[in-house]
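Step one of this worksheet: look at the structure below.
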Amino acid sequence: MLKLAGIFQDNMVIQRNKPIQVWGTGTPGTIVTVSLFTATADTMVCADGSWKIALQPLCAGAGYTLVASDTAESIVIQNVAVGEVWLAGGQSNMELALKDSENGIKISEEYSGKNIRFYQVPKCSMLDENQKEQEENSTWQIADNRNVGEMSAIAFYFASRLSETLHCIVGIIDCYWGGSSITCWMSREQLAKLESGKNYLEKYAALVGEKSSQQYTKEMEEYNCAYQHWLKSTEEVKQKDPQASWKEIHKICGECPWPQPVGWQSPFRPNGLHETMIRRIAPYSLRGFLYYQGEEDVQRYADYSDMMLMLVKQWRMDWNDWNLPFLFVQLPMYLADGEKDDSYWALQREQQYIASMMIQNAGMISLADCGEYDNIHP
């Protein structure tokens with residue numbers, strides 16, 4: 001049966017002026033033909049059922065149809081645009097939705113643009129039936145005042161500026177998970193090449209020990225119950241007093257239950273999200289990467305620049321493009337109320353700066369003066 005990778009959906013955005021990578025599965029030995037506007041190519045399905053085609057580059061445009069076919073069937077993808085495509089990755093500060101940012105609801109409701117589209121990579125911790133179902137139901141969305149609030153706030157403002165400047169449609173691939181370590185976003189093979197990576201893998205394995213999947217599931221059920229209770233309590237406090245500080249909220253509700261239980265089914269296991277999210281969308285043609293992450297690794301700041309170098313190498317290798325721009329955010333100022341400043345955030349910023357000097361075609365945005373006291377999501 002002929003299939004396209006999950007990210008190929010109606011309304012998708014294809015990167016302009018670069019070879020267009022299209023891939024999927026089919027019957028071994030059959031010929032698959034893919035066409036988009038004036039670009040056409042064909043290939044034979046491999047013995048393992050996989051196939052991949054690179055179409056010739058196209059200029060910016062919209063309203064196109066992509067057709068993939070073999071001798072038995074055809075798949076038609078409608079309303080395809082060609083423009084600029086960026087992947088937005090990282091943890092919760094990248095994940096923070098527009099509607100949850102300052103003035104975000106008002107901005108969402110008043111949004112009237114037509115040149116932003118986005119695809120949210122299904123957030124799944126395992127490649128199982130649930131992941132398969134979510135991927136099959138995933139969609140590219142044309143941003144409007146009904147859905148734009150669900151976009152990453154950072155990605156929205158980036159795409160808005162880009163579309164206004166370049167006068168073309170901009171596509172954002174949302175690929176993030178709050179609380180994730182940088183080690184979640186690269187393969188085990190790459191992580192193990194670092195001494196610090198080996199140590200991380202060994203320590204995580206020791207934490208999991210002989211824990212079974214059933215035991216992990218039970219622990220997660222208990223955790224989710226505690227987290228939902230805490231979340232409900234904080235919402236009640238916020239409704240009564242919208243100006244309540246986190247210090248006041250924590251005094252009433254207690255600290256947020258964190259971290260989650262460890263296990264080989266956890267989304268926070270090393271290498272997990274690279275397998276279940278990054279590899280599901282690579283090598284979809286794009287212009288570059290946006291990255292905002294580092295909070296989860298502050299306690300391991302000494303190794304972070306090496307980790308960043310390996311992450312960029314990993315993603316560029318996944319996309320088979322060693323020149324893809326890597327634009328990232330340096331951590332802002334942060335200090336929780338009542339805590340002593342151990343300078344770890346400053347040391348982490350230094351590691352990010354070191355990485356920015358060592359990575360070719362990288363850009364770092366410094367936000368040291370834009371943090372907010374006692375707010376990890378400024």
Side-chain angles (χ1 to χ4, degrees), residues 89-95 121-135 175-231 254-282 291-315 317-318 342 344 348 351 376:
Q91 58 177 116
S92 57
N93 273 318
M94 181 63 85
E95 183 178 41
V121 181
K123 293 174 66 177
C124 297
S125 60
M126 301 293 290
L127 293 178
D128 52 17
E129 287 302 313
N130 175 56
Q131 185 276 337
K132 183 179 179 181
E133 182 179 354
Q134 286 197 44
E135 191 171 78
C175 189
Y176 36 64
W177 199 308
S180 59
S181 162
I182 193 172
T183 61
C184 299
W185 298 104
M186 65 184 89
S187 68
R188 185 181 184 88
E189 178 185 11
Q190 290 300 110
L191 184 59
K193 290 179 180 179
L194 297 171
E195 193 61 35
S196 55
K198 289 180 186 176
N199 293 336
Y200 188 91
L201 289 167
E202 290 170 359
K203 288 178 180 179
Y204 193 86
L207 286 173
V208 176
E210 300 298 321
K211 184 185 295 185
S212 66
S213 59
Q214 291 81 5
Q215 185 179 352
Y216 172 77
T217 299
K218 181 180 179 182
E219 289 179 2
M220 277 303 299
E221 289 174 351
E222 294 172 351
Y223 171 85
N224 285 330
C225 182
Y227 177 74
Q228 291 302 323
H229 175 74
W230 178 85
L231 196 62
E255 296 288 334
C256 175
W258 187 263
Q260 291 186 7
V262 298
W264 295 118
Q265 300 78 30
S266 169
F268 304 115
R269 70 188 184 278
N271 322 125
L273 300 180
H274 179 261
E275 177 187 21
T276 64
M277 297 182 74
I278 292 293
R279 289 186 61 185
R280 304 304 297 176
I281 55 174
Y291 191 69
Y292 191 168
Q293 191 277 335
E295 300 94 330
E296 189 63 22
D297 297 303
V298 164
Q299 297 298 321
R300 296 184 292 272
Y301 68 85
D303 304 312
Y304 195 77
S305 60
D306 288 340
M307 291 285 188
M308 280 201 71
L309 264 66
M310 192 58 75
L311 176 80
V312 176
K313 180 180 178 181
Q314 173 77 70
W315 285 12
M317 184 166 58
D318 291 336
D342 55 20
Y344 283 2
Q348 181 78 315
Q351 287 291 306
I376 204 167

Taking all heavy atoms of [X] and all of [Y], pick out the closest pair and write down the distance.
X	Y	result
Q131	M126	CB-O, 3.2 Å
E219	V262	OE1-O, 4.4 Å
G294	Q348	O-NE2, 2.9 Å
M277	W185	SD-CH2, 4.0 Å
M220	P261	SD-CD, 3.5 Å

Heavy-atom neighbours of [X] [atom1] exceed 12 at 6.0 Å:
X	atom1	answer
K218	NZ	no
E133	CD	no
R188	CZ	no
K123	NZ	yes

Pair Q293, Y304: side-chain N/O donor-acceptor within cut-off below 3.5 Å: yes
Pair Q314-D318, side chain to side chain donor-acceptor pair (under 3.5 Å): steps then yes or no: CA-CA 6 Å; Q314 173 77 70; D318 291 336; 3.0 Å; yes
Parallel, tilted or perpendicular: ring planes of W315 versus Y291, cut at 30 and 60 degrees: perpendicular
Qualifying residue, where the test is side-chain contact (heavy atoms from CB on, under 4.5 Å) with N130 and the options are P122, C124, S125: C124
Value rounded to 0.5 Å, distance of NE2 in H274 from SG in C175: 9.5 Å
Aromatic contact, W230 with Y223 (centres under 6.0 Å): no
Flag side-chain contact, heavy atom, 4.5 Å: Q351 against R300: no
